[in-house]
Amino acid sequence: MSVLARPAFTPGWSKAFGTNGALAAGSAILALFVLAALFAPLIAPYDPIAQDAAARLAAPSLLHPFGTDNFGRDILSRVIWGTRIDLQMAFFGVVFPFLIGTVVGTVAGFFGGVVDALLMRLIDIILAFPFLVLMLSIIAILGPGLSSFYIAMALVGWVSYARLVRAQILVLKTQDYAVAATSLGFGRLRIMFRHLLPNAIAGSVVFVMSDAVLVLLNGAAISYLGLGVQPPVAEWGVMVAEGQPFVTTAWWVTLFPGLSIVALAFGFSLLGDGLGQRLGVAE
Amino acid sequence: MSSTLLSVRDLSVSVRSEAAPRLLLDRVSLDLGRGEILGLVGESGSGKSLFCRSLVRLLPSRALVIDSGTVLLEGQDLLQASEADMLAVRGGRIGMIFQNPTSHLDPVMRVGDQIAEGIRFHQGLGKAAAREAALEILAQVGFPDPKRQYLSYPHEFSGGMRQRAMIGVALSCQPDILIADEPTTALDVTIQAQILRLLTEIRDRTRLSIILITHDLGVVAQTCDRIAVMRGGRVVEENTKRALLAAPGHAYTKALIASHPSIPARLSPVTTTEAKAASPLRPLLEVDDLHVSFPSGAGLFSGQPRVFNALNGVSLRVMPGETVGIVGESGSGKSTLARAILGLNPIASGHVAFEGSNLATQRNATLAKLRTDAAMVFQDPYNALNPRMTVGETLAEVLRVQNKVQPAQIKARIDELLDLVGLDRDFATRKPRSMSGGQCQRAGIARALAVDPKLIIADECVAALDVTIQAQIVDLFRDLQRKMNLTLLFIAHDLAIVRNLCERVVVMHHGKIVEEGRSADVFAMPSHAYTAALISAIPDIDPDRPLHALPLRRADSLRGMSSLSLQPST
């Protein structure tokens, strides 16, 4: 025969990244932020909430590389400590919608019929409300704070995942290997979660990355409105909000946390592109 | 041959990858005379299609580069020609048709307009004149009512009619050369015969030169003047048809000819005399007046959902240890029957009984029995295996779920299964995408065997494979059948394979069984007109046993009204 079998796939660092620059760069950026979050107490030169009345709104200098805010708190330290909160927000803000959405999407796509119709109408209802308005009202009911934010994200954010996965499952369940699984007497749960879901999930995994960016921006917006992270805890969105009155006089108060949001978002989106390439979604 | 129209010398194409560049076409030299049909034969990956695409400089990927060589079309070197000149050559002088007409016709453009477009572009005719010319071409390629079919869309045609339409599009620019890339592979045998007949007729009438790419030696034997055999990017042998078929020089050509199914099998179909002596009289599988229907969409306002009857009263008995072939064209209900037997399709009425328990009345008990005693092998080997799981994981899962071997013995059983289907044991760690089609199909058969089944239903399981691999898989089935006393229901549209493998054959047409009997008898003396038509349409490798293509109209009336609708479907 003329078609020679390709060698078996070997995982490993070089193989994982290969020529995939986006994946490597995205992972590197994300790793940098994770390290900063883990070692915040060691890296940060100051206590993030320690106030210094003598050094209010000090411009960037050797003493305070990113300057200080209106309470004299060191912005670099606050950005570093803020990494902890923001990464946490990106993670929890995505992981619950992802889990709920994939399960709902799998069930809807697999069973079809009435189950599918009911779940899809529920999604339509949620989508009928403007996203931020719905988030704000849920948080308003639960009271401000990060946990309210996560709950609101979980309640609202799963719909996109459900629709993504459902569309995939609808296609995959007619494939021969799904029919084969049925004919081999496999149970429905096994077919759904062992045979269909792993093949349907690539698109959602990529979407997680771009969704993380949106969650990050949402979280910042919610905090900016005073419904998320409460002062004096350092969080980039809150910091941008607090610096707003001084944008013209002390630009550094908003610039550095803002840049951090952009950098992390950039990392996530690179990672998403890279994963897409890697999992064969982009092509 | 009178005059050489196209002359290819030392054409080399390689792929640029990060590693060393790999040669895909290695100094291929071929000539094509005016009015000649050249057959290009070889397996998938041998470079047949790439060769033809290189002629018009339409390489499928940017990584592919033409390294050297000349392609002289009446003295003009196409490899040196400017891109603007190539526009006039593509379509204008060299037309192409492909295996899958559906994806090469514009679905939202009327068929006639697609033909007229080429005429207007290449010949500069006006709208009305182009329309006249297009109507003429439609008549030429065998459309019975060109005025009407001019206005049809591709989806209103059957596969054979679409292929005719695509030939029409290619002919619209009056090319000198037509490249036909596996034009009949996706078609049923009777339609294939019609298309091949059409191509030779056009050649005779217009002195068109044709390069016919195919993997089926029978097709070239019936149509071509000269044959070139390709393997691994090289032309290993080239000669006039008769000389090459009578005295193949290269070992690979010999293997190809030997594996052609129209060559009478050295091995007779599996006989089960021993099995019959030992077997109880009760049939393993009994199908009685089975009806299966699918909803085919309600009319927008009519409310009443219409149904399509896929099976219209099929009755069948299969004894233990028997090998039964089910043949018929696409849409005849073969696959529906297979799935209905396994309880994968709902049954409208009738009975399916497996080992005496009835699927209609004791559904759950029978299903449980079917799941543990029957298994299926599918057509597309890549699609039939979960791409995320290794072969070992796939097999282990079946063994675990079916609970037929002790967990400790699963590993040993996997090795045993891989041995049975002729795969190396280290294939257990491979995933489907790192395997070839034939290897995947073996893994699929291993999965079916993991069930330790009494009945295996193989649904077109060799249709997607190269001929030499087909022969291997058929041999594997023959072996397994003999070793394990399997009962095999072998579904295929390729009658020759069924004739070689199966002792009994069932011919299906429009959801009904039209003929049934011992293979030898049915093939020697078909009693039903449809069976006779099917058999005579098989392209024989012997050029002196000409292809029996039914005239279009007769074939249509034979096929009835559903699948080959010449009128826009209602």
Side-chain angles (χ1 to χ4, degrees), chain A residues 1-12 14-15 17-21 24 102 106 110 112-113 165 168-169 171-205 275 277-281 283, chain B residues 18 42-47 230-233 252 338-339 342-344 367-368 370-372 374-390 393-394 397-398 401-402 426-427 429-439 444 447-448 450-451 457 459 465-466 468-469 472:
Chain A
M1 50 187 293
S2 56
V3 186
L4 287 177
R6 279 173 289 167
F9 176 70
T10 48
S14 64
K15 192 82 186 184
F17 293 109
T19 54
N20 196 334
T102 44
T106 308
F110 185 77
V165 171
Q168 282 291 315
I169 297 278
V171 176
L172 293 179
K173 74 173 176 182
T174 62
Q175 301 283 301
D176 283 348
Y177 62 84
V179 179
T182 311
S183 78
L184 289 165
F186 293 172
R188 282 172 174 172
L189 281 178
R190 176 179 287 273
I191 295 175
M192 270 194 282
F193 292 105
R194 192 162 156 77
H195 291 271
L196 296 181
L197 188 55
N199 288 296
I201 209 155
S204 305
V205 171
L275 272 179
Q277 222 177 39
R278 182 72 205 294
L279 299 172
V281 178
E283 281 177 60
Chain B
E18 312 112 64
E43 294 183 353
S44 46
S46 60
M230 286 192 72
R231 186 174 203 203
Y252 177 67
R339 291 178 180 218
L342 288 176
L344 299 170
L367 274 182
L370 278 169
R371 299 293 176 254
T372 52
M376 191 157 170
V377 180
F378 295 84
Q379 171 170 6
D380 180 353
Y382 289 104
N383 208 348
L385 298 170
N386 187 339
R388 300 255 162 212
M389 289 164 76
T390 65
E393 284 166 1
T394 300
E397 183 180 31
V398 178
V401 171
Q402 298 249 340
D426 55 0
F427 270 90
T429 59
R430 305 259 294 256
K431 287 191 179 166
R433 65 169 175 177
S434 73
M435 295 157 62
S436 72
Q439 290 165 340
R447 179 179 62 186
V451 177
I457 300 183
D459 187 2
L465 304 173
D466 285 326
T468 51
I469 312 296
Q472 289 171 14

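A quick note: this is a predicted structure, and the numbers were derived from the prediction, not measured. Numbered from 1 within each chain, the chains take letters A, B, ... in sequence-line order.
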### Query
What part of B:L385 gets closer than 4.5 Å to chain A, counting heavy atoms only: side chain, backbone, both or neither?
backbone

### Query
Under a 4.5 Å heavy-atom cutoff, which of B:L344, B:T372, B:L342 has the most pairs with chain A?
B:L344

### Query
NE2 of A:H195 to OG1 of B:T394: how many Å apart, nearest 0.5 Å?
7.5 Å

### Message
Within this structure, what is the CD-CG distance for the pair A:Q175 and B:D380, rounded to the nearest 0.5 Å?
### Response
8.5 Å

Which donor-acceptor pairs under 3.5 Å do side chains of residues 176-186 of chain A form with protein atoms, sequence neighbours excluded?
{"residue": "A:Y177", "atom": "OH", "partner": "A:N199", "partner atom": "ND2", "Å": "3.3"}
{"residue": "A:T182", "atom": "OG1", "partner": "A:A178", "partner atom": "O", "Å": "3.0"}
{"residue": "A:S183", "atom": "OG", "partner": "A:A180", "partner atom": "O", "Å": "2.9"}

### Query
By a 4.5 Å heavy-atom criterion (distance strictly below it), what part of B:A368 contacts chain A: side chain, backbone, both, or neither?
neither

### Task
Please state whether the side chain, the backbone, both or neither of A:R190 comes within less than 4.5 Å of a heavy atom of chain B.
side chain

### Query
chain A heavy atoms under 4.5 Å from B:V451: which part of the residue, side chain, backbone, both or neither?
side chain

